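Note sheet for the following structure.
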Amino acid sequence: MELFHFTDAANKDGILKNGLRAATGYEIFTPIRKNVVFCWLKKEDNKIHRENQICFRINVDAKRCLIADMDYVSMAMMYRHSPKGEGIAKKPVNPKAERLFVKLYEATAVKPCDYYDGMHFSPEVLVKGDIQAADLEFIK
């Protein structure tokens with residue numbers, strides 16, 4: 001399965017040498033985010049734009065993947081942390097809303113074989129475990 005992973009340019013050499021290490025600190029909301037590498041189905045799906053960002057093309061077995069809608073977990077984060085911002089980003093802390101968005105995130109997470117284009121607003125791919133350097137290519 002071909003995927004895309006974006007990161008800061010400073011990480012390039014380490015990734016090319018060692019591959020991508022699964023994140024272990026993002027399971028705070030749900031266990032399906034534990035020990036995964038976050039990727040996108042298409043380059044255009046990337047919703048987290050940063051300065052000095054680079055992209056890698058990844059090839060992994062689809063059996064290691066789940067596709068979930070990042071928007072739901074993002075909303076859960078907003079209701080948990082109540083960012084100090086303007087407009088939609090400024091939400092009151094609301095544990096009930098947080099739990100509901102996590103349930104939506106989990107309920108709409110699917111295996112790649114069950115996904116169809118347009119099913120999610122922001123389809124993030126959770127790849128279980130590390131991704132070896134041999135399975136990636138620097139493209140940007």
Side-chain angles (χ1 to χ4, degrees):
M1 175 174 200
E2 183 180 271
L3 304 171
F4 298 90
H5 178 82
F6 290 82
T7 189
D8 188 271
N11 300 328
K12 179 183 173 188
D13 292 338
I15 290 171
L16 287 171
K17 181 180 179 185
N18 303 311
L20 291 163
R21 300 293 166 236
T24 57
Y26 293 100
E27 72 274 7
I28 187 168
F29 292 98
T30 172
I32 66 172
R33 292 176 65 87
K34 183 177 183 177
N35 195 33
V36 298
V37 175
F38 297 96
C39 296
W40 300 102
L41 290 170
K42 300 179 277 192
K43 285 175 63 176
E44 305 80 46
D45 290 337
N46 178 26
K47 302 285 168 98
I48 307 170
H49 302 283
R50 295 187 176 113
E51 202 171 310
N52 298 318
Q53 187 169 257
I54 59 173
C55 181
F56 289 90
R57 179 178 294 126
I58 311 292
N59 282 296
V60 294
D61 186 340
K63 293 176 187 170
R64 295 176 54 193
C65 302
L66 269 181
I67 303 171
D69 198 326
M70 187 188 74
D71 289 344
Y72 292 134
V73 80
S74 295
M75 291 300 290
M77 288 177 193
M78 283 195 293
Y79 279 111
R80 173 179 279 204
H81 300 297
S82 183
K84 310 265 187 289
E86 297 295 324
I88 195 165
K90 191 173 185 177
K91 299 277 184 204
V93 170
N94 185 330
K96 184 176 180 181
E98 174 194 336
R99 286 189 302 275
L100 289 172
F101 276 109
V102 169
K103 284 182 183 182
L104 280 169
Y105 180 76
E106 292 172 336
T108 58
V110 295
K111 295 176 184 178
C113 62
D114 296 326
Y115 179 81
Y116 56 87
D117 195 31
M119 182 178 194
H120 296 102
F121 296 108
S122 301
E124 69 177 356
V125 183
L126 305 121
V127 180
K128 194 72 169 168
D130 297 338
I131 297 173
Q132 302 305 311
D135 296 327
L136 56 85
E137 170 193 7
F138 171 70
I139 59 170
K140 176 181 165 191

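These numbers were taken from a predicted model, which means no experiment stands behind them. Worth knowing before you read on, the calculation uses all heavy atoms, side chains too, and leaves out hydrogens, waters and symmetry mates.
- Distance check, rounded to the nearest 0.5 Å: CG of Asn46 to CZ of Phe6 gives 4.5 Å.
- At a threshold of 4.5 Å between non-hydrogen side-chain atoms, the residues Phe56 and Leu16 count as touching.
- In this structure, CG in Leu66 is found 6.0 Å from CG in Leu126, a value given to the nearest 0.5 Å.
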Test side chain to side chain contact (heavy atoms under 4.5 Å, CB included) on Cys55 and Lys43; report intermediate values, then the result. CA-CA 8 Å; Cys55 181; Lys43 285 175 63 176; 4.2 Å; yes
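- Rounded to the nearest 0.5 Å, atoms OG1 (Thr108) and CD1 (Ile67) are 11.0 Å apart.
- The heavy-atom pair separating Asp45 from Pro123 by the smallest distance is OD2-CG, 3.7 Å.
- Cluster annotation: Leu100 is not connected to Ile28 through the hydrophobic network of ILVMFWY side chains, with a link wherever side-chain heavy atoms come within less than 4.5 Å.
- At most 12 heavy atoms of other shown residues, nucleotides or ligands fall within 6.0 angstrom of atom CZ in Arg50.
- One distance of note links CD of Glu137 with CD1 of Ile58; it measures 9.5 Å at 0.5 Å rounding.
- Judged purely by distance below 3.5 Å, without hydrogens or angles, the side chains of Arg99 and Tyr79 never pair a donor atom with an acceptor atom.
- Looking only at side-chain heavy atoms (C-beta outward), Met119 and Asp69 stay at 4.5 Å or farther from each other.
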Working for side chain to side chain contact (heavy atoms under 4.5 Å, CB included), residues Cys65 and Met1: CA-CA 9 Å; Cys65 302; Met1 175 174 200; 4.0 Å; yes
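- Counting all heavy atoms, side chain and backbone alike, Val36 lies closest to Ile32 at CG1-O, 3.7 Å.
- By the 4.5 Å heavy-atom criterion applied to side chains, Glu106 and Pro31 are counted as neighbours.
- The closest side-chain donor-acceptor pair between Ser122 and Asp71 falls under 3.5 angstrom.
- Side chains of Tyr72 and Val102 form no contact here, defined as non-hydrogen atoms less than 4.5 Å apart.
- Checking side-chain atoms of Asp130 against main-chain N and O of Ala22 turns up a donor-acceptor pair under 3.5 Å.
- Using a 4.0 Å cut-off between a side-chain N of Lys or Arg and a carboxylate O of Asp or Glu, Lys42 and Asp117 qualify as a salt bridge.
- The backbone N or O of Lys34 sits less than 3.5 Å from a side-chain atom of Lys128, completing a donor-acceptor pair.
- When the side chains of ILVMFWY residues are joined at heavy-atom separations under 4.5 Å, either directly or via intervening members, Met70 and Met77 end up in a single hydrophobic cluster.
- Separating the CG atom in Asn59 from the CD atom in Glu2 is a distance of 6.0 Å, to the nearest 0.5 Å.
- Residue-environment remark: NZ (Lys47) exceeds the threshold of 12 foreign heavy atoms within 6.0 Å.
- Every pair passing side chain to side chain donor-acceptor pair (under 3.5 Å) that includes a residue from residues 8-18 is listed here, sequence neighbours excluded: Thr7-Asn11.
- With respect to Arg33 and Glu124, a salt bridge is recorded, a charged nitrogen being found less than 4.0 Å from a carboxylate O.
- His5 contributes a side-chain N or O that, together with a main-chain N or O of Phe38, makes up a donor-acceptor pair within less than 3.5 Å.
- For the pair Arg80 and Phe29, the distance from NZ or CZ to the six-membered ring centre is under 6.0 Å and the angle to the ring normal is within 45 degrees.
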Could you go through Tyr115 and His120, starting from their C-alpha distance and side-chain angles, then the distance that decides it, and tell me whether this counts as ring-ring contact (aromatic ring centres under 6.0 Å, His included)? CA-CA 9 Å; Tyr115 179 81; His120 296 102; 5.5 Å; yes
So Phe101 and Val73, side chain to side chain contact (heavy atoms under 4.5 Å, CB included) or not? Walk me through it. CA-CA 6 Å; Phe101 276 109; Val73 80; over 6 Å; no
